[in-house]
Each structure stands twice: as C-alpha cells, then as structure tokens.
Amino acid sequence: MTPRRRINWMELTGGLMVAGLIAVALLAPLLAPHDPTRAVAPTYGNPGPPSAAFPLGTDELGRDVLSRIIYGARISLTVGIAAVLVTLAIGVTIGLGAGFFGGATDFLLMRFTDVMLTLPGLLLAMALVTVLGPSLLTILIVIGLVSWTQIARVVRAESLTLSQRDFVIAARALGAPPRHLIVRHLLPNVMPIIVVMAALGTSGTLLLDAGLSFLGLGVPPPAPSWGRMIEEATIYFRTAPWLATFPGLAIFYAVLGFNLLGYGYLRRRGR
Amino acid sequence: MRRALRILAVLVLTMLSACRGDAGAPAFPPGAKVLRIAEVSPDVPTLDPAAGYDTSSWLFEQMLFSTLVRYGDADVKLHPDAALSWTVSPDATVFTFHLRHDVRFTSGRAVTSADFRYAIERVLNPKTISKGMEYFRSIRGAPEFVAGRTAHLSGLETPDAWTIIFHLVAPDPIFVDKLAMPFAAAVPHEAVERWGEDFSRHPVGSGPFMLKEWIGGQRIVIVRNPNYFIPGLPKLDAVVDLLGVSEGLEWLKFEAGEIDISAIPPAEFVYVMKTPALKRLTTHQVTVTTQYLGMNCQMAPFTDLRVRQALNFAIDKDKLVALLNGRGVVARGVMPPTLPGFDPDLKGYPYDPARARQLLAEAGKSRLGVELWLLADQTELMIGQSIQQDLALVGVDLTLKPIALAPLLEAVRQPNNVPFMVFGWEADFPDPSNFLDVLFSRRQWGANNDTFYYNPRVDAILKQAAPVTDLKKRYALYQEAEKIIVADAPWVFLYNPVTYVIHQPWVHDLILNPMRPTRLEKVWVTPRN
C-alpha cells in the first residue's frame with residue numbers, strides 16, 4: 001500500500017479554510033449583521049462605500065454586501081457540494097461499471113464519456129439551464145450532468161488496475177458475485193481518489209456556478225449568489241469597485257481552500 | 001405609441017472606418033459615413049410596418065418607410081412627409097391629402113395613392129393580425145371590409161394617383177396623427193405579395209434608408225437610399241445596429257470610441273453629469289411615457305381588486321426613481337405629465353405598506369406568490385429586484401422571469417398567459433385616447449390591452465370621448481375615464497422617465513423626439529481624430 005505520511009501544510013490550510021467556510025455558511029444568520037435581501041441603507045442607484053456601519057459597503061439596492069457574502073456562502077457550498085455528489089454518483093457508477101465489466105460495456109460507456117467530453121461544459125450547462133429554467137435544483141443537476149466525465153475516466157482507470165490485483169482475482173475465484181466485488185473490494189480502494197476528485201471537483205463546480213450566475217443563469221434573485229453579485233456589480237465597476245471585489249475574493253477563498261485540501265491529500269497519499 | 005423600451009435611444013453609433021474588420025461585419029469603402037447603433041434586445045421584433053408596435057421596430061420602420069405626414073425632429077406637430085398638403089373638413093370627418101410626385105419605392109416604382117390605400121387595407125385585414133387595426137376602424141366601410149364583404153374600403157377614395165381622401169363615420173380630431181404612425185406607411189403590394197410573412201425580412205419602402213442586412217442576435221445594417229425624395233438626405237451612408245449588446249458593454253464600447261451614442265447606465269450617470277466634458281455631450285428629452293407594472297385582471301390573484309390596489313400601495317416609486325438617478329417623476333395615473341389632457345389633480349397611490357398588508361389580509365392573501373415577466377437587461381432586473389424587496393415586506397413572494405423583447409411582446413397578447421409584467425407605454429400621438437383607448441378598452445384585448453382590463457363604464461366614456469373636438473370637453477371625459485381606471489388599478493403606476501443619451505463629439509444634429517425613436521437621416525458625422 002502507499003506509504004502514509006503526516007498531514008502536510010496544504011491539507012491543513014485547505015482544511016481550515018473549508019472548515020471556516022462551512023462554519024460561516026452554517027452560522028450565517030448569527031454572523032450576518034443584516035438581512036441579505038432587504039435594503040438597509042438608502043443607497044439606491046448609488047452604492048455606498050465601505051464604512052464603519054457597513055464594512056464592505058452597500059449595493060445599488062441598499063443591501064449590505066457583507067451580509068450578502070455571508071449568506072452567499074450557503075448557496076455556494078450547497079451548490080458546490082450537492083453538485084459534486086451528483087457528479088460523483090454519475091461518474092463513479094459509469095467508471096466502476098466500465099472498469100469492472102470491461103469489454104463491450106467498457107467500450108460503450110467510455111465512448112459515451114468521450115462524446116460528453118467533446119461538448120464544452122459551460123455551453124452545455126447554459127443550454128440546459130435555458131431549457132430547464134434557472135433554479136437551485138436545476139443548477140445542481142446541470143452541473144452534475146456536465147462535470148462527471150473526468151471522474152468516470154479516473155475511476156475506470158483505477159478499477160481496471162484493481163480488478164487485476166491478486167485479492168480481487170482471489171475473491172472472484174472463490175465465487176464472489178460482481179456486486180460483492182464492486183462494493184467490498186473495488187469501491188473502498190478507489191475511495192481515496194474519489195475524495196481527491198470530490199475536493200477538486202467542488203472548486204470546479206463553485207467556479208461553474210459563479211460563471212452561470214454571472215451569465216444570469218444561476219440561482220434566481222434575490223438569493224445572494226457570489227457570481228450574481230459580481231454580475232450585478234459589473235456596471236458599477238468603476239464607481240463602486242467593492243461590489244465586485246469582495247464576492248470575487250470570496251470565490252477565490254473558497255476555490256483555494258478546496259484545491260489546497262484536495263492537492264494536500266493527494267500529496268500525502270504520495271501520488 | 002408603442003411599447004417603450006426603457007432606453008428609448010437604443011442607439012450606440014459608431015463611425016466605422018472600413019479597415020476595422022470585425023469578423024463578418026460588412027465592409028464599407030474608405031471615408032464612408034457609417035454610424036453604429038446597438039441595443040440590449042437580441043433582435044428587433046419586426047420591420048413590417050403593419051406588425052411593429054414597439055420602439056425598437058419603429059426606430060427602423062420610420063427610416064425605411066414613408067407616411068403621409070410625420071412629426072418634426074424635436075416636436076410633436078404634424079409636418080408633410082409623402083403628402084404635400086392636406087385639408088380637413090370642418091366636422092373632422094373628411095380628410096384630403098395631396099401627394100408628392102417624386103416619392104419612389106427603393107424598387108424604383110413611384111409611390112401613389114393606391115399604395116397608401118393598400119397599406120391601410122392591409123392593416124385592417126384580419127389576416128394581417130395588425131396591432132394598428134383599431135386606428136382605422138372609423139373609416140367608412142371598415143366593418144364590411146373587415147368582414148370580407150367588400151374588396152376595398154368604401155370610405156377611402158383615390159380619385160387619381162396623387163390624391164387620397166378618407167371619409168370617417170364619426171368626427172375624429174386626431175385622425176391625421178394616426179396617419180403619422182408606421183401602420184399607415186406606404187408599402188408596395190407586389191413586394192408584400194411576393195414575400196408574404198417574410199416581408200418583414202425584405203422590406204421595400206420609400207424612406208431615407210433601406211435594409212442591407214439583418215442577422216438576428218448580431219446586427220441590422222441599413223444603408224442610404226440614393227433616391228430618397230428629400231435631396232441631400234440622409235447625410236449618413238449607413239447605420240449599423242449591433243443587437244444584444246448589454247448596457248454595460250454598450251457603455252464600454254462608447255468609452256472605447258467604438259460607438260458614437262450610448263444610453264447612460266445608472267452606475268455612470270452621476271459621474272457623467274459631474275464631468276463637464278462629458279455632460280456637454282449628453283442630450284435629454286422628457287418623453288411622453290409611463291412605466292408600469294401590468295396585472296392581468298383575468299388571472300388570479302389579480303382578479304381581486306384589493307390585491308391590485310395593495311400592490312400599488314406596496315411599491316416604493318420614489319425608490320425606483322432614485323435607482324434611475326432621478327431620471328423620472330413618480331406617476332400617479334396613466335397619462336404622463338407631458339401629454340395634453342394630463343390630470344394634475346389625480347392622487348394616485350402613495351407608498352403605504354401597512355395599507356397594502358391590510359388589503360391583502362382582507363383579500364385572504366396574506367401570503368402570495370407571483371411571477372413578474374420583465375425584459376432581460378441589467379437596469380430592468382435592478383428595478384425588478386427593488387420591487388421584489390418591497391413586495392417581500394407585505395408578504396408577496398415575487399419570482400422574476402427575464403425574457404427578450406420579441407417573445408415578451410408576443411406572450412402578453414395571449415389570454416391567461418402573463419400574470420404580471422414590467423412595461424412602458426410611449427405616446428404615438430399627443431392625445432389621451434392613445435393611452436386610455438389603446439391600453440384599457442375591451443376591443444384591444446389580444447392587441448395592446450395586455451392586462452385584459454374591462455370596465456363597461458370606461459368603454460362607454462371612451463366611446464363618448466373619441467369624436468369630441470372641443471378639447472376641454474374631450475380631456476374632461478378622458479380624465480373621468482382615467483379616474484376609474486386608477487381606482488380599478490390594473491397597473492401599478494410607476495414613473496414617467498426622462499431619456500438621456502450621450503454622443504461622441506464627432507456626431508452632429510442628434511435630436512431626441514418626445515414621442516418617437518430618434519430619426520437618423522439628418523445626423524452627420526465628422527472624421528474622428
């Protein structure tokens with residue numbers, strides 16, 4: 001087995017960052033000084049700069065930017081994690097199926113994956129959202145549908161190798177049914193790679209969600225999604241740069257956290 | 001007039017030097033005077049004058065076609081266009097027009113009285129499904145013609161190629177104004193018959209410009225009509241209109257000098273007005289427009305008067321005007337203050353959320369979910385979110401449904417389709433009937449009455465007012481109808497906007513009209529440095 005090393009700085013930093021993000025999302029009602037969807041300052045059409053009362057300023061509709069970013073963490077995390085679960089469900093199923101059964105099944109599943117890979121993810125996501133109509137559920141499903149291909153390929157490669165390993169061959173020789181082989185032998189051994197893909201995938205879905213929101217196809221208003229906050233701030237970029245800067249930093253923070261966590265874990269596993 | 005886009009001057013003009021090759025953009029010879037226009041909407045709904053009834057379509061229809069009469073560049077007085085002169089009988093039932101002899105379609109054929117007759121009969125023909133039909137129903141013989149019993153309108157005489165006489169069944173003091181709308185523009189029957197529904201794609205007119213290229217989602221290009229009947233016009237060689245350019249992008253293009261005229265986004269307005277060099281380049285016009293939220297009176301929950309009134313109390317209109325940097329005044333009724341017949345004593349609905357909650361509770365609608373249809377552009381969505389905030393305070397959960405202009409215009413015509421919408425109406429001619437009759441009468445269901453409002457008393461007063469030539473009496477009747485409409489509240493009356501545009505220093509003679517999209521035939525450009 002791969003040597004186990006101690007937790008490294010990347011993993012630690014990433015983990016702390018992600019933990020912080022989760023804490024902010026869970027404690028949003030306690031942390032946010034204001035209601036994120038209501039006007040708290042009369043800065044209509046003329047966003048207010050950061051001040052003592054509003055540390056990150058107020059937007060063109062008089063809403064507190066800090067509160068919106070705090071509540072935005074909920075949406076970003078929900079979308080990020082739930083979409084990754086959808087992604088994993090599809091990707092792992094297809095990858096394990098192809099790798100374990102091989103032959104025609106492998107050929108068909110992998111050619112299907114190749115076809116999906118040829119479609120540009122963002123464009124496909126845009127088309128699907130346009131057809132299905134933007135909502136939180138749609139976004140989760142759409143992101144899942146466009147980002148499972150990488151996971152399927154990696155999981156297939158792993159399970160292909162694993163199914164030639166002695167312990168699998170031995171189990172098979174003892175007459176273990178496919179279900180048992182997959183659940184008891186393959187899945188636990190591809191788990192590490194799945195964890196890495198999940199962490200890295202979360203940051204990918206966060207960015208995809210921000211991109212869709214920026215294009216007006218994300219979670220509908222008034223929900224304070226970070227991508228939408230940036231989109232709404234574009235016309236104010238010169239007169240009120242803080243409106244776009246702070247949600248941008250929030251996205252940067254979340255993506256960095258998940259990436260550090262993922263790569264740190266990968267490094268510890270010595271891959 | 002038609003559906004007003006919030007930004008009337010959908011204009012972003014650029015002088016294109018020929019070598020600047022945008023991929024696929026049409027090439028013009030060096031030195032060509034080209035203006036580039038842009039608009040938020042991804043497409044212009046139509047270029048067929050019988051069909052278009054929105055600011056975006058009329059901008060082009062006005063430049064591609066000729067009407068008998070037209071408004072001035074900056075005024076709303078009637079001036080000759082294809083007609084040399086006209087006379088009105090003392091009882092305002094007979095209207096005689098004498099045409100110019102030198103007006104030609106771009107196909108080369110002379111425009112005669114028969115072409116104007118054809119255009120009006122085409123609008124009245126039910127098969128055309130024209131939104132302008134109601135304006136010509138008062139011509140004698142219209143009911144028989146509409147029913148298909150006669151081949152021609154008996155009240156529309158063309159004694160010779162250059163004379164056209166309209167006989168109306170009742171006096172109409174504003175009939176000539178109706179002929180200034182593109183609905184009454186001359187169209188050649190041979191082109192309409194050849195192209196059928198595709199005439200919109202292949203328009204043949206006699207205006208200062210002609211269509212060169214129209215690619216939905218990309219651009220419309222119109223070029224100078226060399227045979228235009230007014231010598232020396234147009235002064236431009238071509239106008240390129242970029243479609244689907246967001247407000248933010250429009251502004252960036254303007255700043256980069258790629259665009260000659262731009263609307264001013266709310267975010268930039270304060271800065272522009274504080275900078276003398278930029279302020280000098282702005283021009284503004286108080287338009288005859290009312291912005292409103294339409295509530296479909298035939299669809300729940302808006303069948304309940306209390307809900308409609310509650311929403312009027314619930315929305316903070318001062319906040320909306322503030323969001324637009326003060327570019328407007330709060331509306332208290334249907335008619336804008338710039339419209340003759342405006343009622344300054346109308347009280348309207350003040351902002352009173354407590355009253356709104358009370359009315360909703362009485363209606364048993366303390367919690368309510370509604371979907372608001374609106375144009376997909378940034379300012380419109382900002383306004384939508386402001387309304388969303390206000391309504392949340394009174395227990396109404398508002399969902400926003402952003403949509404492009406053309407499908408929105410089509411959707412609101414269908415009964416039981418759009419419950420709640422953000423819209424504006426800009427006058428076509430300076431008379432209250434253009435707001436009250438067009439938007440609130442029963443016969444405009446499926447055409448322009450997008451709230452499907454009906455009150456028999458209002459219809460009766462409107463019918464009574466239409467032929468009244470004494471302006472004082474006429475306006476008193478319309479104000480009476482307006483009071484009932486305001487009490488019935490099919491709209492949330494929002495605000496009357498003031499339009500601002502900014503142009504580059506090399507653009508000259510850009511004049512905004514209070515009622516119509518800007519005409520570009522007199523605009524000229526000098527080489528930019």
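Lettering of chains follows the sequences in order, A, B, ..., and the numbering in each one begins at 1.
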Crowded around Arg332(B) CZ? As in, over 12 foreign heavy atoms under 6.0 Å? yes
Determine which pairs satisfy salt bridge (charged side-chain N to carboxylate O under 4.0 Å, His left out) with at least one residue from residues 24-44 of chain A, sequence neighbours left out, and list them in order. Asp35(A)-Arg38(A)
Thr37(A) portion near chain B, given a 4.5 angstrom heavy-atom threshold: backbone
Ranking Lys319(B), Lys401(B), Glu268(B) by heavy-atom pairs under 4.5 Å to chain A gives rank one to Lys319(B)
Below 4.5 Å, heavy-atom pairs only: which of Asn325(B), Leu393(B), Asp390(B), Thr399(B) has the largest tally toward chain A? Leu393(B)
Would you indicate whether Arg111(A), at its atom CZ, is surrounded by more than 12 heavy atoms from other residues, nucleotides or ligands within a distance under 6.0 Å? yes
Using a cut-off of 6.0 Å, state whether more than 12 heavy atoms not belonging to Tyr263(A) lie near its atom OH. no
Where Pro222(A) and Gln385(B) come nearest, the two heavy atoms and their spacing: CA-OE1, 4.2 Å
By the salt bridge (charged side-chain N to carboxylate O under 4.0 Å, His left out) test, which pairs, at least two apart or in different chains, include something from residues 41-63 of chain A? Asp59(A)-Arg63(A), Asp59(A)-Arg68(A), Arg63(A)-Glu232(A)
Neighbour count >12 (heavy atoms, 6.0 Å) for atom CZ, Phe237(A): no
The side chain to side chain contact (heavy atoms under 4.5 Å, CB included) partner of Tyr44(A) among Val321(B), Asp318(B), Leu323(B), Leu320(B) is Leu323(B)
Who wins among Ala322(B), Ala376(B), Gly248(B), Pro265(B) for the most heavy-atom pairs under 4.5 Å with chain A? Ala322(B)
With heavy-atom distances below 4.5 Å as the criterion, would you say the side chains of Pro266(B) and Tyr236(A) are in contact? yes
